[in-house]
Each structure stands twice: as structure tokens, then as C-alpha cells.
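All figures in this text were calculated on a predicted structure; none of them were measured in a lab.
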Amino acid sequence: DLLITDLHMPAMDGFAMLRVLSQSPEMARTKVVVVSGLDADEINARGGVPQGVEVLAKPIPFARLLTIAQGISRQAVM
């Protein structure tokens with residue numbers, strides 16, 4: 001599974017959401033990708049993201065997202 005999210009969402013703190021999801025056993029096999037306009041310093045100043053979460057800068061790098069999705073798809077077949 002693949003979850004793509006932002007860190008800034010209406011009525012939701014993306015950082016808090018990621019912390020909760022990282023503690024959920026149901027999410028252990030889900031690849032999480034953050035697409036954000038924040039730079040690495042801003043993300044780190046807010047506490048960073050859980051280990052294993054890939055952060056991609058905006059504008060959205062669709063080619064990288066496709067590569068990630070294809071990798072997950074190949075793993076599911078094995």
C-alpha cells in the first residue's frame with residue numbers, strides 16, 4: 001500500500017497524523033510519502049517525520065511517485 005500526504009492540510013496536522021500512523025501496526029507495511037512545500041530545515045524544526053517516510057519537494061515529482069508505486073507493485077507480486 002502507498003499513502004501520499006502533505007504536512008499542511010485543512011483542520012489536520014500532518015506531522016501529528018504521521019506520528020499516529022507510525023505507531024499503528026496496520027500501517028507497518030504501508031509506504032508513506034510526504035509531498036511538501038516545506039524545506040528540510042522547516043520539517044526538522046517541526047519535529048521531522050518518522051523514519052522510513054520519504055519526503056518529496058513540491059512541485060510534485062510525478063516520475064518519482066511512479067517509481068515508488070511500481071516498486072510496491074513489484075513487491076506485491078513476489
Q: List, by chain and number, the other hydrophobic cluster members for Val34, where Ile, Leu, Val, Met, Phe, Trp and Tyr join if side-chain heavy atoms come within less than 4.5 Å, directly or indirectly.
A: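 Taking Ile, Leu, Val, Met, Phe, Trp and Tyr as members, Val34 shares its hydrophobic cluster with Leu3, Leu7, Met9, Met12, Phe15, Met17, Leu18, Leu21, Met27, Val32, Leu38, Ile43, Val49, Val53, Val55.
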
Q | Hydrophobic cluster (4.5 angstrom, side-chain heavy atoms) - remaining members for Leu56 | A |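 Cluster partners of Leu56: Leu2, Ile4, Val33, Val35, Ile60, Phe62, Leu65, Ile68, Ile72.
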
**Q.** Residue pairs, two or more places apart or on separate chains, that pass salt bridge (charged side-chain N to carboxylate O under 4.0 Å, His left out) and touch residues 14-26
**A.**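 Not a single pair qualifies under salt bridge (charged side-chain N to carboxylate O under 4.0 Å, His left out).
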
Q.
Filter on salt bridge (charged side-chain N to carboxylate O under 4.0 Å, His left out), then keep only pairs touching residues 66-78, sequence neighbours left out; what's left?
A.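 Of all non-adjacent pairs touching residues 66-78, none passes salt bridge (charged side-chain N to carboxylate O under 4.0 Å, His left out).
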
Contacts of [X] that satisfy salt bridge (Lys or Arg N to Asp or Glu O under 4.0 Å) - sequence neighbours left out:
X     : result
Arg46 : Asp13
Glu54 : Lys31, Arg64
Asp6  : Lys58

(Q) Strictly distance-based, threshold 3.5 Å: is any side-chain N or O of Thr67 a donor or acceptor partner for the main-chain N or O of Ala63? (A)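 Indeed, once roles are kept as given, a pair shorter than 3.5 Å links the two residues.
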
Q | Donor-acceptor contact present, side-chain Glu42 to main-chain Asp39, <3.5 Å | A |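 Yes, Glu42 side chain to Asp39 backbone: donor-acceptor pair under 3.5 Å.
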
